[in-house]
Protein chains: 2
Amino acid sequence: MFAYTILMNKSQEDDKLKSRIVGISAFFHQNGRMPSFSEIGEIFHLSSKSSVYKAVGKLESKGVLIKDKKGKLIPVSIKSTVKVLGTVEAGFPSPAEEELADTLSLDDLLIKNREATFLLKVSGDSMSEAGILPGDMVIVDKGETPKSGDIVIAEVDGEWTMKYLKVRGENVTLILVPPVKNEPTCSL
Amino acid sequence: MFAYTILMNKSQEDDKLKSRIVGISAFFHQNGRMPSFSEIGEIFHLSSKSSVYKAVGKLESKGVLIKDKKGKLIPVSIKSTVKVLGTVEAGFPSPAEEELADTLSLDDLLIKNREATFLLKVSGDSMSEAGILPGDMVIVDKGETPKSGDIVIAEVDGEWTMKYLKVRGENVTLILVPPVKNEPTCSL
DNA sequence: AGTATAGGCGAACATATGTTCTCTGTCAAG
DNA sequence: CTTGACAGAGAACATATGTTCGCCTATACT
């Protein structure tokens with residue numbers, strides 16, 4: 001009939017918030033959109049929309065959720081999918097480290113200009129020294145203007161090959177955009 | 001006062017549909033959600049929701065859009081971000097090829113188990129033969145059970161290194177999942 | 001004791017939502 | 001010229017939406 005509030009300490013409260021975020025995240029990745037307030041009610045096991053409203057407001061004040069000007073939820077940290085950890089030699093992530101892990105989306109990390117980006121498969125081994133082996137796939141951004149030192153895809157004598165772009169003067173219009181500084185490609 | 005329909009031939013019709021999909025895609029990537037029917041009306045320059053309903057139904061019959069059981073639009077080809085093309089040697093994509101290009105999301109391509117996937121930076125050069133150079137980032141899926149021949153991240157004498165897993169008998173629990181067959185890693 | 005606070009329920013409200021209906025004008029085919 | 005198909009407008013409808021208010025209970029703090 002009435003609500004029986006179960007008080008909890010700080011860590012329990014954090015666990016509660018985290019599990020709620022996980023629930024919303026699961027809904028988002030399953031349905032391709034953010035849940036409505038009544039749907040959040042089902043996720044949180046709240047039978048009242050006003051309770052959902054308060055809970056969402058709390059999550060919003062913590063910066064986990066953001067609303068539209070129309071009140072609709074927009075995915076912010078929800079959309080990000082991969083946790084980022086340290087180096088391999090530094091040791092593998094412990095559960096404690098996972099808590100502090102930052103998350104990001106591979107799409108957002110690797111793609112700058114969505115319309116001008118392509119995926120190509122490499123068949124030659126001309127760039128094997130740079131870690132690009134035959135069979136790898138490369139992400140190409142043809143919207144960027146190539147800088148000297150970049151790896152570019154250029155037409156040489158009617159054939160397309162991957163080369164370093166070293167000096168100016170060549171009429172090359174397509175480059176391989178480096179998502180990380182000094183690491184000019186992504187092979188997989 | 002009334003609608004003046006401008007009839008158009010086949011290619012013009014395709015252009016119209018494509019521009020509408022582009023409009024919806026732009027809305028999705030800008031707002032993080034699919035537009036409502038009234039918002040689609042603004043995108044399509046339709047002042048009536050029923051016209052939007054018909055237009056959406058047409059797009060739906062072509063498989064470009066899919067609806068919930070609740071009538072809400074879910075992103076399908078909209079979410080995908082990168083066009084996939086042929087090999088480098090096969091020649092660079094012409095505008096005609098771009099039309100036929102398939103699109104996919106890097107997240108969906110590279111990540112199987114979202115909760116168990118991490119991003120690690122490589123500092124050693126133990127796997128340089130496989131194209132994994134120092135400074136590269138690798139995608140690790142610790143939810144998969146390693147197969148022989150996979151590249152795994154294992155603890156050897158208290159240190160974490162990347163090695164090939166060749167035979168059984170080692171107590172390794174974390175592997176590097178190969179998103180493409182015979183290409184067991186992604187470096188960038 | 002009493003008071004305050006936090007979290008939840010339920011009702012109410014204005015608006016937005018998807019859906020269906022009829023109607024109007026334009027074009028192409030008969 | 002007539003007919004039918006097509007695309008859009010406009011109104012109507014049932015439901016879903018986000019938001020606000022008042023009331024409740026259980027704990028925490030004087």
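Within every chain, numbering begins at 1; the chains are lettered A, B, ... in the order of the sequence lines, protein sequences first and strands thereafter.
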Rounded to whole Å, please give me the gap between [atom1] in [X] and [atom2] in [N].
X: A:Lys69; N: D:dG18; atom1: NZ; atom2: P; answer: 17 Å
X: B:His45; N: D:dA7; atom1: NE2; atom2: P; answer: 19 Å
X: B:Asp68; N: C:dT19; atom1: CG; atom2: C1'; answer: 15 Å

Contacts satisfying salt bridge (charged side-chain N to carboxylate O under 4.0 Å, His left out) that involve residues 45-54 of chain B (not counting sequence neighbours) are none
Extract from the structure each pairing of a protein N or O with an N or O of nucleotides 20-22 of chain C at less than 3.5 Å, listing the distance.
from: C:dT20; atom 1: OP2; to: B:Tyr53; atom 2: OH; distance (Å): 2.7

If only side-chain N and O atoms of [X] are considered, is one of them under 4.0 Å from the OP1 or OP2 phosphate oxygen of [N]?
X: B:Ser48; N: D:dG10; result: no
X: A:Lys70; N: C:dT17; result: yes
X: A:Lys72; N: C:dA16; result: no
X: B:Ser47; N: D:dA9; result: yes

Heavy atoms, side chains only, cut-off 4.5 Å: are [X] and [Y] in contact?
X: B:Ile24; Y: B:Pro35; result: yes
X: A:Phe27; Y: A:Arg33; result: yes
X: B:Asn31; Y: A:Ile74; result: no

With no hydrogens and no angle check, is any side-chain donor or acceptor of [X] less than 3.5 Å from a backbone partner on [Y]?
X: B:Glu39; Y: B:Ser36; result: yes
X: A:Asp141; Y: A:Thr117; result: no
X: A:Asp68; Y: A:Leu73; result: no

Could you please spell out the steps behind the side chain to side chain contact (heavy atoms under 4.5 Å, CB included) verdict for B:Lys72 and B:Met34? CA-CA 8 Å; B:Lys72 299 185 183 302; B:Met34 293 295 276; over 6 Å; no
Any residue in residues 21-40 of chain B with a heavy atom nearer than 4.0 angstrom to DNA chain C? Just list them by number, or reply none. B:Ser36, B:Phe37, B:Ser38
